[in-house]
S.K.: 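Dropping a structure here in structure tokens format, bear with me for questions.
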Amino acid sequence: MSVPKGFRDIEPDVARVRYKVIDELRRNYELFGFNPLETPAIEYWETLSGKYGEEAESKLIWRFVDPFSNREYALRYDLTVPLARYVASHPELPLPFKRYQIGLVWRHEEPQRMRYREFMQADADIVGSPYVEADAEVVNVTLKGLWSVGLSDAYVRINHRKLIYHVFEKELQIDNPLPILRIVDKLDKIGPSGVESELLRVGMNESTVRRIMELIQIRGRWGEAEEQLRKVVSQGGVEVINELAELFSLITSSDRSSMFDLSMVRGLDYYTGPIFEFNVESTVAPSVGGGGRYDGLIGLLSKKMDLPATGASIGVDRVVDILVREKQAVNAYREVKVYVIYLKQELYKHAWEIAMFLRNKGIRAEIDLMRRSEAKQRKNALSSGATHLLFVGEKEIATSMYTLYEVSSGQRITAGLEDIAKHVQSA
RNA sequence: GCCGCCGUAGCUCAGCUGGAAGAGCGCCGGACUGUGGAUCCGGAGGUCCCGGGUUCAAAUCCCGGCGGCGGCCCCA
């Protein structure tokens, strides 16, 4: 028996890290004043149709006909479009509406390293504000979230759809810039010379290619990028550059945490303004998050209104993969756990009571459920990650004094249960 | 969707010049009869990915699927 391609079981050590990441991200979203909103895993096909772009729509969305109703459904492809659907049908919402959601999404892709058909996204959105404050808040909450789960080297790359439009369509007179942008987007992978030769290969003339190469080198810290942009970009682009300047001024600054990158494009159709992509420096990993402004999307889903919106998602499973594979996080999350060991089978009920006593004090406690020998209990306790062993034998029961063994140091103390609980709690 | 490598026990793999399915670890039990992450002993567990072909005989050779891992495309 196996699970479908691209799906997987997440085993205890990894699942524990995953839950920790979720807890931490939740706390972080709440810290910024975002509200949870849960939307269903399944939407009507027509809700998702026409929102993402041709490729996603034709190949990447899980889509099926329910045999009972004969209606077409789809598994959600991201958390953004369902949010837009919700907002579109709730005109009474006070604005701005700030929400977060952490949940699974499904994409019909070929699985690969850190790429799955079912994965978890943590999404933050702000609906109603057309201002850069909203974009900056989304970027800040996402960056801080990534840092707080242990990816202290996470940073964001920022670009602007209107700037891309201005530069490539208006200035360079490229009718359909998408294929060109796809090539440009590979800059990090294949380098400048690779981009140049590919551009020439698809038939662009040399002077345009030279111009593009010049432009896409504009990336890095905003201060320097801004200077160059103002030199190179014509009059019509000034407004966008001003907007970006204001956006960057609001983003949690740290030397390397944010940069401008004119070569960064992003695939989803619904983006209209600033776009973001989150990466980590230290490891070879695909992006751990992405987002941007999508001012037209809610209008697509409502006949009566349109609202500006912006948001960003974290790829929770990619974060977990990086933590587990590259940063050895599995053992970092071990907490105190007392394993209560009964020395004779017939004493198990006493041990049982003691385990409950500890749990009622908020102390993690475990007890053998297989009526095993003391030696086996001890062995299992150690391999289960217990930090303390508590022995329950006839002598202990008679005197109400118990021996607590601390695994890491090998030290033992003998004391009453209340004292043992206090000792463990302070550990 | 495309290209490459791989597919034998829960895991890591050996066996593959075709000739009765193996090891280590893990798991379960026992011994050492109260605090040894030790040692020793025993046990369970496999349609050798699936289907077809070649052959007296296929885990082993051939073909096709499926799946995993890397990469392309794309993305979180």
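Naming convention: chains lettered A, B, ... in sequence-line order (proteins, then strands); numbering from 1 in each chain.
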S.K.: Given the side-chain rings of A:Y44 and A:Y73, with only the six-membered ring counted for Trp, is the space between their centroids under 6.0 Å?
M.R.: yes
S.K.: Any Lys/Arg nitrogen of A:E109 or A:R115 sitting under 4.0 Å from an Asp/Glu carboxylate oxygen of the other?
M.R.: yes
S.K.: Separation of A:K376 atom NZ from B:C28 atom P, in whole Å?
M.R.: 8 Å
S.K.: For the side chain of A:R266, counting heavy atoms from C-beta on, which of B:G36, B:C75, B:G34 is nearest?
M.R.: B:C75
S.K.: Is it the case that the base of B:C74 and the side chain of A:R115 share a donor-acceptor contact (distance under 3.5 Å, atom types as modelled)?
M.R.: yes
S.K.: Strictly by modelled atom types, are A:Y342 and A:D368 linked by a side-chain donor-acceptor pair under 3.5 Å?
M.R.: yes
S.K.: Side chains of residues 80-90 of chain A: which donor-acceptor pairs under 3.5 Å do they make with residues two or more places apart or in other chains?
M.R.:
from  : atom 1 : to    : atom 2 : distance (Å)
A:R85 : NH1    : A:E43 : OE1    : 3.0
A:R85 : NH1    : A:E43 : OE2    : 2.5
A:S89 : OG     : A:R85 : O      : 3.2
A:S89 : OG     : A:Y86 : O      : 3.1
A:H90 : ND1    : A:E92 : OE2    : 3.0

S.K.: What nucleotide among B:U35, B:A76, B:C74 has an atom nearest to a side-chain atom of A:F391?
M.R.: B:U35
S.K.: Of the nucleotides B:C75, B:C69, B:G36, which one has an atom closest to the side chain of A:P111?
M.R.: B:C69
S.K.: Whole angstrom is fine here: how far is it from OH in A:Y77 over to P in B:C75?
M.R.: 7 Å
S.K.: Look at the side chain of A:Q112 and the base of B:C73, then say whether one donor and one acceptor between them are separated by less than 3.5 Å.
M.R.: yes
S.K.: Which ones in residues 405-424 of chain A lie close to RNA chain B, meaning a heavy atom under 4.0 Å from one of its atoms?
M.R.: A:V407, A:R412
S.K.: Could you measure between the two P atoms, the one in B:C40 and the one in B:G24, and give it in whole Å?
M.R.: 11 Å
S.K.: Short of 4.0 Å, heavy atom to strand atom, which residues of residues 101-110 of chain A count as contacting RNA chain B?
M.R.: A:R107, A:E109, A:E110
S.K.: Nearest to the side chain of A:R113, heavy atoms from C-beta on, is which of B:A76, B:U35, B:G70?
M.R.: B:G70
S.K.: With rounding to the closest Å, how many angstrom separate the C1' atoms on B:G18 and B:C75?
M.R.: 47 Å
S.K.: Within 45° of the axis and under 6.0 Å from the centre of the six-membered ring of A:Y77, does NZ or CZ of A:R107 qualify?
M.R.: yes
S.K.: Give a yes/no verdict on a cation-pi contact between A:K51 and A:Y270, requiring under 6.0 Å between NZ or CZ and the six-membered ring centre and an angle within 45° of the axis.
M.R.: no
S.K.: Any idea which of B:U35, B:C28, B:G67 is nearest the A:R372 side chain?
M.R.: B:C28
S.K.: Check if the side chain of A:E396 and the base of B:G34 share a donor-acceptor pair of N or O atoms closer than 3.5 Å.
M.R.: yes
S.K.: Is A:R8 positioned over the aromatic face of A:Y116, cation under 6.0 angstrom from the ring centre and no more than 45 degrees off axis?
M.R.: yes
